[in-house]
Amino acid sequence: EIIAKSKNQPVIIIQSDHGLDPEVRMANLIAYYFPHGGESALYPTITPVNSFRLVFNTYFGQTGLSLEVLTWYHEGMITKRQYVEYLICTISNYTSSNLADHLDEVSHDVITDYLSNERHTARGLWELVKGLIEDSPEAFLLIDDSVQDKRYSRFIELVKLQYSGAEHGLVRGIGIVNLVHSAGEGKDFYPMDYRIYAPDQDGKTKNDHFVEMVINAVFAKKIKAKRILFDSWYASAENLKLVHRLGLTFFTTLKSNRMVSLSKEGGWIHLDDIDWTTERLQNGVLVKLKEVPFKVQLFKVVATDGDIDW
C-alpha cells in the first residue's frame with residue numbers, strides 16, 4: 001500500500017533489534033525494499049548498525065559510512081529453555097532468587113528483567129515439551145490447579161484471594177490450572193498445558209479451562225494417553241460425560257454429598273448410606289451418578305487418620 005500510494009518510490013526497512021530468544025539473540029529480522037536497483041548494494045552479512053548507512057551510501061552519494069560489524073553476547077543471561085526446565089524440576093521454590101542461586105553468573109535482576117520482557121504462553125510450553133514426553137495409550141493425563149502465593153503483592157493484576165490446597169485455606173495469589181502428562185510407572189511428569197485462572201479478566205471458570213485443555217489435548221495435540229486423573233472440583237456431570245465421549249477412562253474423587261444409585265428400586269442415596277461390605281471395600285461397587293448416563297466403579301478409601309475419600 002505504501003509503494004502503491006507513493007509518488008516517488010520509497011525506501012522501506014523493517015527490522016528488529018534482536019532475535020526472539022537469548023539462544024538466537026543475534027538472528028534478528030531485517031527486510032529491505034530498495035527501489036531502482038538499490039537491492040544490488042545489499043549483502044548477506046548486513047546488520048542493523050549499517051542499514052541506514054547503506055541507504056545514505058546508495059541513494060545520497062555518501063561514502064565510507066559503513067562500520068565494522070561487532071557482536072557482543074553477555075554470558076550472564078537466561079534462556080527460555082533454562083527457565084522452563086527450572087519450573088519442571090523445582091519442587092516448591094519458584095522464585096527468581098532461587099533460580100539465580102543455581103545458575104552461574106546469572107543474577108536475580110537478570111531473571112526478573114527476562115520475565116518482564118518475555119511472553120510465555122501455553123503453546124510455547126508445548127513446543128518445548130512435546131519432544132520429551134513418552135506418549136502411548138498406557139500413559140495418563142493429570143489435571144489439577146495450584147496457587148502461586150503472592151500474599152505480599154498489592155500491584156500484580158492477576159492476584160486475587162482464592163483457596164490454596166497447599167495452605168489449606170484462602171491466600172492471595174495467581175491461580176493456575178495445569179495439565180500434566182506422564183508415561184506412568186514412576187517415569188517423568190511433564191506439564192504440557194496450563195491456563196491462568198482469571199475470571200475477572202476472561203469470565204472463565206476452572207471447569208471452562210478443564211474442558212478447553214482436554215479437548216485440545218485430544219484433537220489438537222493428538223495425545224494417545226487414555227487415562228485422566230482429576231479431583232472432585234472437576235468431577236461435574238458435564239465433565240464426566242465429556243471425558244467419556246472422548247474415549248478416556250477417568251479416575252477422580254467425589255464430594256461426600258454426591259447422590260448415587262445402586263439400583264432403580266433403591267433410589268438415590270448418599271455415599272455414607274452405602275452398605276460397605278468387605279467385598280465392596282476391596283473391589284468397589286458399580287453405581288450410577290445423578291445426570292450421568294453411564295455407571296462408574298466407586299471405591300471407599302479410608303486414610304490412617306480416618307479421612308475418607310470416595
Side-chain angles (χ1 to χ4, degrees), residues 14-29 77-91 93-96 98-100 103 106 108-135 139 141-150 153 155-160 162 173-182 188-225 228 230 234 242 246:
I14 301 173
Q15 68 182 27
S16 64
D17 58 351
H18 58 73
L20 291 173
D21 188 279
E23 295 170 333
V24 288
R25 182 63 65 178
M26 306 305 178
N28 53 300
L29 166 73
M77 298 181 71
I78 179 173
T79 66
K80 182 182 294 184
R81 178 171 293 276
Q82 286 176 310
Y83 184 68
V84 172
E85 288 176 347
Y86 168 72
L87 293 180
I88 291 174
C89 296
T90 189
I91 298 176
N93 193 337
Y94 299 89
T95 64
S96 297
N98 181 260
L99 176 54
L103 294 175
V106 176
H108 170 276
D109 290 342
V110 167
I111 296 171
T112 54
D113 287 344
Y114 165 75
L115 294 176
S116 298
N117 295 322
E118 293 289 330
R119 183 171 182 265
H120 298 281
T121 64
R123 179 178 296 179
L125 172 64
W126 172 242
E127 290 300 319
L128 287 168
V129 169
K130 64 181 181 181
L132 302 175
I133 65 173
E134 298 181 30
D135 192 29
L141 303 175
L142 187 152
I143 292 187
D144 198 8
D145 52 83
S146 59
V147 178
Q148 304 304 303
D149 191 336
K150 300 292 181 183
S153 171
F155 304 103
I156 299 178
E157 183 180 4
L158 296 178
V159 172
K160 66 189 299 289
Q162 53 195 301
I174 299 175
I176 304 176
V177 184
N178 307 282
L179 175 60
V180 176
H181 182 285
S182 177
D188 291 331
F189 291 79
Y190 286 104
M192 53 174 282
D193 202 351
Y194 70 89
R195 296 292 187 274
I196 304 296
Y197 175 54
D200 296 336
Q201 282 73 25
D202 58 22
K204 294 183 179 180
T205 67
K206 291 181 180 179
N207 282 294
D208 291 331
H209 295 312
F210 174 97
V211 170
E212 287 180 3
M213 290 195 294
V214 172
I215 291 177
N216 183 268
V218 173
F219 293 110
K221 296 183 172 69
K222 307 296 183 183
I223 293 297
K224 300 175 184 176
I228 183 169
F230 46 89
Y234 302 100
L242 168 67
L246 294 175

*Asks:* Do the side chain of K221 and the main chain of V218 share a donor and acceptor less than 3.5 angstrom apart?
*Replies:*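 No.
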*Asks:* Yes or no on side chain to side chain contact (heavy atoms under 4.5 Å, CB included) for V180 and D144, after CA distance, side-chain angles and deciding distance?
*Replies:* CA-CA 8 Å; V180 176; D144 198 8; over 6 Å; no
*Asks:* Taking the side chain as every heavy atom from C-beta outward, state whether L141 and V214 have any atom pair closer than 4.5 Å.
*Replies:*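 No, every pair of side-chain atoms sits at 4.5 Å or beyond.
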*Asks:* Which pair of non-hydrogen atoms, one from H108 and one from A100, has the smallest distance, and what is that distance?
*Replies:*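 Result for this residue pair: N-CB, 3.7 Å.
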*Asks:* Taking all heavy atoms of T95 and all of Y86, pick out the closest pair and write down the distance.
*Replies:*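 Closest approach of T95 to Y86: O-OH, 3.3 Å.
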*Asks:* What's the spacing between K130 NZ and H181 NE2 if we round to 0.5 Å?
*Replies:*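 Those atoms lie 14.0 Å apart.
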*Asks:* Could you check if a side-chain atom of P191 sits within less than 4.5 angstrom of a side-chain atom of L125, using non-hydrogen atoms only?
*Replies:*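 Answer yes - side chains close enough.
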*Asks:* What closest approach, in Å, do N178 and M213 show between heavy atoms, and which atom pair accounts for it?
*Replies:*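 Looking at all heavy atoms of both residues, the closest pair is C-CE, 4.2 Å.
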*Asks:* Once you round to the nearest 0.5 Å, how far does CD1 of I176 lie from CD of Q148?
*Replies:*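 Rounded to the nearest 0.5 Å, the CD1-CD separation comes to 4.5 Å.
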*Asks:* Could you tell me the separation between the CD1 atom of I228 and the CD1 atom of I223, rounded to the nearest 0.5 Å?
*Replies:*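 Nearest 0.5 Å value for the CD1-CD1 distance: 11.0 Å.
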*Asks:* Could you tell me which residues satisfy salt bridge (Lys or Arg N to Asp or Glu O under 4.0 Å) with E212, sequence neighbours excluded, listed by chain and number?
*Replies:*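 Salt bridge (Lys or Arg N to Asp or Glu O under 4.0 Å) check on E212 returns R195, K204.
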*Asks:* Between S16 (side chain) and L29 (backbone), is there a donor-acceptor pair under 3.5 Å?
*Replies:*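 Confirmed, S16 side chain pairs with L29 backbone.
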*Asks:* Calculate, to the nearest 0.5 Å, the distance between atoms CG and CD1 belonging to D188 and I133 respectively.
*Replies:*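 D188 atom CG to I133 atom CD1 measures 11.5 Å (nearest 0.5 Å).
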*Asks:* Does D202 have any salt bridge (Lys or Arg N to Asp or Glu O under 4.0 Å) partners at least two apart in sequence or in another chain, and if so, which?
*Replies:*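 Once residues adjacent in sequence are excluded, D202 has no partner under the salt bridge (Lys or Arg N to Asp or Glu O under 4.0 Å) criterion.
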*Asks:* Within a 6.0 Å radius of atom CD on E157, are there more than 12 heavy atoms belonging to other residues, nucleotides or ligands?
*Replies:*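 It does not: E157 CD has 12 such atoms or fewer within range.
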*Asks:* For D145, run the side chain to side chain donor-acceptor pair (under 3.5 Å) check against Y197, Y234, Y194 and tell me which one passes.
*Replies:*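 One option only clears the test, and that one is Y234.
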*Asks:* How far apart are the closest heavy atoms of V177 and I143, and which atoms are they?
*Replies:*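 Scanning both residues, the minimum pair turns out to be CG1-CG2, 4.1 Å.
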*Asks:* Ignoring hydrogens and geometry beyond distance, is a side-chain donor-acceptor pair present between T205 and D208 at under 3.5 Å?
*Replies:*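 Yes, side-chain donor-acceptor contact under 3.5 Å.
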*Asks:* Nearest heavy-atom pair of D193 and A122: which atoms, and what distance?
*Replies:*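 Distance-wise, the nearest heavy atoms are OD1-CB, 3.2 Å.
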*Asks:* Taking side chain as C-beta onward, heavy atoms only, is L115 less than 4.5 Å from I111?
*Replies:*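 In contact.
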*Asks:* Atom CZ of F210 and atom CZ of F230: how far apart are they, to the nearest 0.5 Å?
*Replies:*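 So the gap between those two atoms works out to 4.5 Å.
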*Asks:* Do D135 side-chain atoms and A225 backbone N/O form a donor-acceptor pair below 3.5 Å?
*Replies:*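 Yes; judged by distance alone, with no hydrogens or angles, the pair exists.
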*Asks:* Measure the SG-CG distance between C89 and L99 for me, rounded to the nearest 0.5 Å.
*Replies:*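 Reported to 0.5 Å precision, the distance equals 11.0 Å.
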*Asks:* What is the minimum heavy-atom distance between M192 and A217, and which atoms define it?
*Replies:*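 Closest pair (atom of M192, atom of A217, distance): CE-CB, 4.1 Å.
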